[in-house]
Amino acid sequence: MNNANNCCPIFSARLETASVLVQKAADAVRQKRIRKRNLIWLELTGCSGNIISLLDGANPDFKCLATQLVNFIYDNSLMAAEGDSAMEKLFGVTGSDYILAVEGAVSIKDKGLYNIIGRWNGQPITAYEAIKRFGEQASYVIAVGTCASDGGISAARPNPAECVGIQGLLGKKVIKLPGCPCHPDWFMGVLAYLMLFGEPELDSRQRPLMFYGTLIHDICPRRPCFDQGIFASKLGEKTCMFKLGCRGPVTRVDCPIRKWNDRVNWPIGDDGPCIGCAMFGFPDKMEPFISYNLT
Amino acid sequence: MKRVVINPVTRISGFMEVSADIDNNIVSDARTEGLLFRGFEKMLEGRSPFDAVYFTQRICGICSTAHSIASTLALENALGIVVSEQGRYLRDIIHGCEFLQNHIRHFYQYTAPDFVRLPEGNTLFETDHIDFRLPKGKNDRIARHYFDSLEYSKNAHEMLAILGGKAPHNHGVFIGGITTQATTEKIARLRLLLQGIRQFICDSMLPDAYTIAEYYREYFNIGRGYGNLLTFGCFDGYEKLGTLYVSPSTYSDGNIMKLNPGEITENIHSSWYMARQETYTPFETIPEPDMKKSDAYSWVKAPRYRGLPYEVGPLARMWLCGGYRNGISAMDRTLARALEAEKIANIILTLLDNLIPGVDVQKEYEIPQSACGAGLTDTTRGALGHWCKIDKQVISLYQIITPSAWNLSTRDRDNLPGPVEKALIGTLIKNPDTPVELGRIIRSFDPCVSCATHVYSKGKLIKTMQVVP
């Protein structure tokens, strides 16, 4: 709706990153220059909101992902099979090449018994066991969303289920795509990049620079208000949300340009503060989300 | 006797196991368990009450808006804030968009694969049963709509984001209504998207639901459950518009009654919890976990109304508002959900017609030293309640009873199974090696286990499930 960003050629080019990459990867698969990859999507200790966000992908969309890019082998929310037959598909990847996408943190308390994702040979499979088993063997591991990346809300104090991000449990590098939820472009862009070129350039927190290279505050359309000291005193105002507790000044991600849901809006565009959902330490270190009279 | 265990029950939100004893092809007993524990109620203690609106949404990725609505209602109740009529319209439009997103996805992505063969060549769409009855033309039409529908469920989330900032986990719903204002441009865009979604529901989703019903007619006779229905009401009691959908009410033994929220209790007889009393009201206590308790088998508690289990969800609402009275069964739930989608689209249109562009509903709010409030509303999957106590300006107790906790509830002191368990018991299973009936009945309730098992608990999950051939 607000196309103000489109006047900047760098910003508008950035918006195409995911769709260009996915198109290139789909073309390469069709022309047999690269092969379709197997994709496993594990929902672990979280809200399963990242797979829902993935279905909201516009350009590229989920249909393109599932029919042109990958052989989608496993996802609890979407797969037609159930019970043993579903688990056979998951365990059937052992020894083959696959990319692993993980959403949700991992509960490690009491050997992970707080989160059971299925049964195999009659035995419960914990999220803990699943990440160990399928993470170590994967060609690439992508942490989709803040919980898988850094524990997120599942690890909020007092962290009753003792949740952790997946990197701490794996001996191999995890590509982190924090955000609550993860934007579909971030995931599909990175997946296509992996298929075409291998690992993308990451920052010190293992986030791909192509999506996480800028601070919200630096590209926020309300930055001029901040610079001139024009601050909102309540939600619903069109000025800088800094004094309501906005976490834009510490959050690195491209929300102000990319926006959400087919680029229609984003939290600050909705006249509320950023709550830092893509940041390490969310939610505990980003709270309080809303404060009045912060001066 | 054969015991069948399905884990994971896929195409639901969250993790669930069902075990059923099958005697001469009839389910003689069934138990449902949720298998995910995070402890939101415990996490919320000590936090700022304002933060509950954004925090509780993260309980669930498919129905996050529901929690933002219920927590906002609880806070408004605690802070003594009366929401303006425009504030309600704006918020309820956002809520309606979530209904549309959910119902379209539940029908095509979660329900349809039970009855329709999806295109070959993708492991995601492979099944293990062969009970597919639709003629090829009809089957392929619905399979095509599986993908076409993604455009419309995505658009429902886009509508939600126009007023709510983003989805899942919106930023717009807040005390007073929503954070932002509806401009004429936003209203026009909402209308355009809604028109497309409504047309898809009428031209594709409803006919597809009736097609499936036609070929699986015995599902009108199975999965009934108790036939006790309950709603907290939604899109109701507007000052100017009256009730557009359904008021808080219950149905039992042929009688429709007004709901009395004071008669809602939870029971922990079969759940791994300990409290001073086995049955308590929402403000009374958050029970402590107790894994050593004998006879307990689940982390899901047993919400009860007047001591009885009640089914919640689209069928309950459609029945109670008088919009659907064909019957109570697995297939009736699916039809009621599809019909409700059309109804919600019409309600959103009415609310859009009554929006005044540019109205700012926000104020500066203050948190009282101590207060308590309840937020009860019907959401996509049924009755959702948040109960919040504030002490020293922070949350001192936060109780959440979700729709799926009603439906997936455990046996209580009187050994009454929960509504889903009851719906499974007595079902004829044609082939116990591929008991496709169980998953179909469970999915007719649209369970959200992420929601049902948000509760605080500690201790070991000890389970030794014997498979008896």
Side-chain angles (χ1 to χ4, degrees), chain A residues 1 45 47-49 52-53 55-56 58 61-63 66 71-73 75-83 85-86 89 110 113-119 122 124 153-154 156-158 160-161 180-181 233-236 260-262 264-267 269-272 275 283 287-290 292, chain B residues 5-10 13-15 35-39 42-43 47-48 50-51 54-55 58-62 64 109 113 118 122-128 147 150 154 157-158 161-162 164-169 171-172 174 179-180 185 189 360 362-364 439 450 456 458 460-461 463 467:
Chain A
M1 284 178 119
T45 322
C47 74
S48 296
I52 296 298
S53 182
L55 293 177
D56 285 337
D61 65 7
F62 177 78
K63 185 183 179 183
N71 177 22
F72 211 136
I73 289 184
D75 170 61
N76 187 74
S77 288
L78 295 174
M79 65 193 308
E82 61 183 11
S85 154
K89 295 184 196 322
D110 294 333
L113 284 165
Y114 278 59
N115 183 197
I116 290 174
I117 68 156
R119 264 177 195 275
I153 206 134
S154 297
R157 71 165 165 73
C180 190
S233 60
K234 63 175 183 61
L235 304 175
W260 288 82
N261 306 91
D262 222 352
V264 78
N265 206 352
W266 68 299
D270 210 48
D271 302 329
I275 61 170
E287 286 191 85
F289 297 145
I290 309 275
Y292 296 96
Chain B
V5 178
I6 301 175
N7 184 3
V9 176
T10 51
S13 191
F15 305 93
L35 302 169
L36 163 70
F37 313 97
R38 287 167 294 166
K42 198 75 190 171
M43 291 173 187
R47 291 181 199 265
S48 161
F50 293 145
D51 290 1
Y54 297 139
F55 201 97
R58 270 82 187 170
I59 289 171
C60 175
I62 197 166
S64 51
Q109 276 71 48
L118 293 167
N122 215 318
T123 311
L124 203 61
F125 302 142
E126 289 170 8
T127 50
D128 52 339
F147 289 106
L150 291 168
K154 169 186 83 64
H157 258 172
E158 185 177 330
I162 287 172
K166 80 190 225 294
H169 306 327
H171 272 241
F174 199 70
T179 54
T180 193
E185 190 192 11
R189 179 86 183 131
D360 184 354
Q362 281 304 314
K363 294 193 180 95
E364 273 183 52
S450 312
Y456 174 60
K458 63 185 177 190
K460 283 183 187 169
L461 182 67
K463 279 209 316 173
V467 180

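Each chain gets a letter, A, B and so on, in the order its sequence line appears, and its residues count up from 1. Only heavy atoms go into these numbers, but all of them, side chains included; no hydrogens, no water, no symmetry mates.
- Atoms OG and NE2, from A:S53 and B:H157 in turn, are 8.5 Å apart once rounded to the nearest 0.5 Å.
- When every heavy atom of A:N261 is checked against every heavy atom of B:A161, the shortest pair comes out as OD1-CB, 3.4 Å.
- Counting all heavy atoms, side chain and backbone alike, B:E364 lies closest to A:S233 at CG-O, 3.3 Å.
- Remark: A:C47 SG to B:R38 CZ distance equals 6.5 Å, nearest 0.5 Å.
- Proximity of a side-chain donor or acceptor of A:N71 to a complementary backbone N or O of B:T123 within less than 3.5 Å is detected.
- Taken to the nearest 0.5 Å, the OG1 atom of B:T180 stands 7.0 Å off from the CG atom of A:N265.
- Only the side chain of A:A86 comes within less than 4.5 Å of a heavy atom in chain B; its backbone stays farther off.
- Taking the salt bridge (charged side-chain N to carboxylate O under 4.0 Å, His left out) definition, one finds that A:D262 meets it with B:K154, sequence neighbours left out.
- For chain A, the option among B:L118, B:N122, B:I6, B:V9 with the highest count of heavy-atom pairs below 4.5 Å is B:N122.
- Heavy-atom distances place both the backbone and the side chain of B:D51 under 4.5 Å from chain A.
- Taken to the nearest 0.5 Å, the CG atom of A:D56 stands 11.0 Å off from the NZ atom of B:K166.
- Between B:T127 atom OG1 and A:E82 atom CD the span is 9.5 Å, to the nearest 0.5 Å.
- Between chain A and the residues B:P168, B:C60, B:S48, B:G164, the largest count of heavy-atom pairs under 4.5 Å involves B:P168.
- Side chain of B:R47 to backbone of A:E287: no donor-acceptor contact under 3.5 angstrom is found.
- By number of non-hydrogen pairs under 4.5 angstrom with chain B, the leading residue of A:P283, A:P288, A:G236, A:C180 is A:C180.
- Between the B:T10 side chain and the A:A81 main chain, a donor and an acceptor come within less than 3.5 Å of each other.
- The nearest pair of heavy atoms linking B:P8 to A:N76 is CB-OD1, 3.3 Å.
- With 3.5 Å as the limit, one finds no donor-acceptor pair spanning the side chains of A:D270 and B:H171.
- Taking every heavy atom of both residues into account, B:Q362 and A:L235 meet most closely at CB-O, 3.2 Å.
- In this structure, A:W260 and B:G165 approach most closely via the heavy-atom pair CB-O, 4.1 Å.
- Looking at every heavy atom in both residues, B:S13 comes nearest to A:S48 through OG-CB, 4.2 Å.
- Ranked by non-hydrogen atom pairs under 4.5 Å with chain B, the options A:S77, A:G49, A:G272 are led by A:S77.
- Residue B:F174 touches chain A through its side chain alone, counting heavy-atom pairs closer than 4.5 Å.
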Problem set entry | side-chain contact (heavy atoms from CB on, under 4.5 Å) between B:L150 and A:D61, worked out | CA-CA 9 Å; B:L150 291 168; A:D61 65 7; over 6 Å; no
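- Rounded to the nearest 0.5 Å, atoms CZ (B:F55) and CD1 (A:I153) are 4.0 Å apart.
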